[in-house]
Amino acid sequence: MRSVHRKIRHWYTRHGRTDLPWRNTADPYTIWLSEVMLQQTQVKTVLERYYFPFLEKFPSIEALGKAPLDAVLKQWEGLGYYTRAKNLHKTAQLLTQEQAPGTAPVLPSAIDALIQLPGIGKNTAHAVAAFAFRQPVPVMEANVRRILCRIYAMEQADEKMLWKIAYEMVDREHPFEYNQAMMDIGATLCTPKTPQCTACPFESICQGKHDPQRYPTKKRRAVPTREQHIMLNLYDNKLALTKREGKFLHGLWGFPATEVPLCAAEYIGEVTHAYTHFKLTCKVYLYDALEKTEDHYFTPQQIRRLAISKVDEKILNLYLDSMK
DNA sequence: GAGGCGTGGGT
DNA sequence: TACCCAAGCCT
């Protein structure tokens with residue numbers, strides 16, 4: 001394993017994404033933030049659109065913990081999986097409340113303590129421990145999972161087995177470089193579609209290299225289609241929006257929707273949006289209200305300052321186009 | 001443990 | 001185009 005560790009470190013020095021900003025900081029807060037933003041999200045998106053603006057607005061745990069959730073969601077707008085922002089904020093609040101007087105709030109360094117915080121699961125706890133606190137532990141995310149499945153020719157990813165292997169394989173002397181290298185190898189060489197096995201430092205020991213597509217086997221689910229009817233409630237050139245409750249798009253503002261069409265309204269078009277688990281078609285109608293029937297009305301300019309989801313942005317744009 | 005949870009990149 | 005997939009977590 002020592003020679004493999006050497007190969008991996010050598011590969012990382014030459015080909016790794018060593019310039020990523022969260023790899024060149026000692027601040028656990030910014031490393032934690034990057035880990036949460038990167039959950040189910042590509043590096044490019046986080047790097048180019050969200051990481052720096054978020055830190056500009058909330059430069060510390062304390063700044064984040066003392067900010068209103070609405071402001072945090074506005075910074076998160078468009079990134080998706082909004083529970084991440086809610087949990088990030090919640091954890092910052094907890095840490096800020098727990099801090100001793102006169103001291104800055106800090107993240108715990110122990111995996112057991114990290115994993116109890118909202119929004120920090122097993123992988124993120126390990127990532128923060130390895131990257132922020134240089135502990136000799138492995139990470140286990142999509143890239144590492146795919147690499148290990150291929151090295152051991154496992155069609156099914158057995159989480160317990162994978163963690164055991166990962167703990168045995170981690171370079172305990174250079175956990176930071178090892179883990180970053182594993183993710184880079186997965187992202188740039190051991191890719192899902194067309195892996196470049198000949199350039200891979202694991203090539204000599206990989207049992208799955210002759211049929212990499214087979215490891216791991218992918219599971220796919222059917223994607224149902226749902227239809228909603230959006231009644232744009234217009235009063236005094238303002239539109240009614242409500243703050244979404246429940247788990248879907250929680251905390252964001254949005255146009256009220258119904259499952260069934262309502263009568264006596266002008267149809268102005270439809271909007272579609274693809275989510276992970278369903279496709280949504282929204283039939284949009286305009287209703288000129290004679291009196292206020294909803295709690296909150298906003299001008300289009302005011303709506304731009306609220307945190308709204310992508311589908312509501314599409315609906316707003318449809319409305320503005322229909323006014324031309 | 002299986003399904004809910006967003007959006008955009010890549011092919 | 002219509003997929004697949006991405007530094008997962010929570011229930």
Side-chain angles (χ1 to χ4, degrees), chain A residues 16-17 20-23 30-51 73 76-88 90-91 114-132 137-148 156-160 162-163 166 176 178-188 190-195 213 216-226 244-252 254 272-280 307-314:
Chain A
R17 298 174 289 185
L20 293 174
W22 45 86
R23 292 182 179 180
T30 63
I31 294 171
W32 164 44
L33 175 67
S34 74
E35 289 298 329
V36 175
M37 282 189 166
L38 287 162
Q39 289 167 7
Q40 300 289 278
T41 308
Q42 293 187 346
V43 167
K44 180 183 170 71
T45 302
V46 172
L47 185 62
E48 296 181 0
R49 296 174 49 196
Y50 290 93
Y51 181 72
L73 286 171
W76 207 268
E77 183 183 59
L79 192 53
Y81 286 147
Y82 298 95
T83 299
R84 292 184 293 174
K86 197 177 65 176
N87 284 335
L88 194 70
K90 179 67 180 173
T91 292
L114 285 165
I115 209 167
Q116 291 183 38
L117 297 169
I120 299 184
K122 190 169 183 179
N123 175 62
T124 300
H126 279 71
V128 171
F131 299 141
V137 295
V139 300
M140 177 59 61
E141 41 64 80
N143 292 304
V144 176
R145 187 171 292 112
R146 189 171 54 252
I147 292 171
L148 297 186
Q156 305 287 345
D158 177 335
E159 287 301 308
K160 197 174 174 184
L162 288 172
W163 274 104
F176 182 98
Y178 168 86
N179 281 307
Q180 303 286 23
M182 289 293 280
M183 292 192 290
D184 287 355
I185 291 167
T188 64
C190 196
T191 53
K193 293 283 173 63
T194 53
Q213 298 260 19
T217 54
K218 47 209 164 191
K219 50 205 164 187
R220 50 198 292 195
R221 306 169 193 169
V223 180
T225 298
R226 296 180 195 169
R244 291 177 179 272
E245 298 177 357
K247 293 183 177 176
F248 188 63
L249 301 172
H250 175 92
L252 275 64
T272 63
H273 194 68
Y275 296 98
T276 305
H277 288 99
F278 63 95
K279 291 179 183 174
L280 181 63
I308 65 174
S309 74
K310 196 52 70 176
V311 70
D312 287 306
E313 184 184 323
K314 290 180 181 176

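Computed from a prediction, not measured in an experiment: that's the story for all the values here. Side-chain atoms are counted along with the backbone in the values below, which use heavy atoms only and exclude waters and symmetry mates.
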Value in whole Å for how far the C1' atom of B/dC5 lies from NZ of A/Lys279: 18 Å
Anything under 30° is parallel, anything over 60° is perpendicular, the rest tilted; go ahead and classify A/Trp163 against A/His126. tilted
Can you tell me the distance, in whole Å, between the NE2 atom of A/His277 and the P atom of B/dC5? 8 Å
Looking at DNA chain B, which of residues 39-50 of chain A put a heavy atom within less than 4.0 Å of it? A/Gln40, A/Thr41, A/Gln42, A/Arg49
B/dG8 C1' sits how many Å from A/Met37 CE, rounded? 15 Å
Identify whether any heavy atom of A/Trp22 sits under 4.0 Å from a base atom; if not, whether one sits that close to sugar-phosphate; answer base, sugar-phosphate or nothing. base
Will you find, in the side chains of A/Arg84 and A/Thr41, an N or O donor that is under 3.5 Å from an N or O acceptor? yes
Give a yes or no on this: more than 12 heavy atoms of other residues, nucleotides or ligands lie within 6.0 Å of atom CD of A/Glu159. yes
What is the nucleic acid contact for A/Gly80, judged by heavy atoms within less than 4.0 Å: base, sugar-phosphate only, or nothing? base
Quick one: list whatever passes salt bridge (charged side-chain N to carboxylate O under 4.0 Å, His left out) with A/Arg17, sequence neighbours left out. A/Asp184
Atom CG of A/Asp312 and atom P of B/dG6 are separated, to the nearest Å, by 12 Å
Heavy atoms only, 4.0 Å cut-off, all strands: where does A/Leu249 land among base, sugar-phosphate and nothing? sugar-phosphate
By the salt bridge (Lys or Arg N to Asp or Glu O under 4.0 Å) test, which pairs, at least two apart or in different chains, include something from residues 30-44 of chain A? A/Lys44-A/Glu48
When all nucleic acid strands are considered with a 4.0 Å heavy-atom cut-off, which category describes A/His273: base, sugar-phosphate, or nothing? sugar-phosphate
Between B/dG4 (P) and A/Phe278 (CZ): distance, integer Å: 10 Å
Interatomic distance, A/His250 NE2 vs B/dG4 C1' [rounded to whole Å]: 15 Å
Base, sugar-phosphate or nothing for A/Phe248? Non-hydrogen atoms, less than 4.0 Å. sugar-phosphate
Modelled atom types, side-chain donor and acceptor of A/His273 and A/Lys310, under 3.5 Å: no
According to side chain to side chain donor-acceptor pair (under 3.5 Å), does anything in residues 115-124 of chain A pair up with another residue at least two apart or in another chain? List the pairs. A/Gln39-A/Thr124
Specify the separation, in whole Å, of atom OH of A/Tyr82 and atom C1' of B/dG8. 11 Å
Tell me if the centroids of the rings in A/Phe248 and A/Phe278 come within less than 6.0 Å of each other. yes
Check the distance between B/dG6's C1' and A/Leu73's CG and give it to me in whole angstrom. 13 Å
Is there a side-chain contact between A/Lys310 and the phosphate of B/dG8, meaning an N or O under 4.0 Å from OP1 or OP2? yes
Under 4.0 Å, heavy atoms only, any strand: does A/Arg23 hit a base, just the sugar-phosphate, or nothing? base
Considering heavy-atom distances to DNA chain C, does A/Pro192 or A/Lys247 have its closest nucleotide positioned more toward the 5' end? A/Pro192
Roughly how far apart, to the nearest Å, are C/dT11 and B/dG6 at atom P? 14 Å
Which part of the nucleic acid, if any, lies within contact of A/Ala142, taking any heavy atom under 4.0 Å across all strands shown: a base, the sugar-phosphate backbone alone, or nothing? sugar-phosphate
With a 4.0 Å cut-off on heavy atoms, is A/Ser309 in touch with a base, just the backbone sugar-phosphate, or nothing at all? sugar-phosphate
What integer number of Å spans the P atoms of B/dG3 and C/dA7? 23 Å
A/Lys193: partners by salt bridge (charged side-chain N to carboxylate O under 4.0 Å, His left out), with sequence neighbours left out: none
Between which nucleotides of DNA chain C, 5' to 3', does chain A make heavy-atom contacts below 4.0 Å? C/dC3 to C/dT11
Are the charged groups of A/Arg244 and A/Asp312 less than 4.0 angstrom apart, N to O? yes
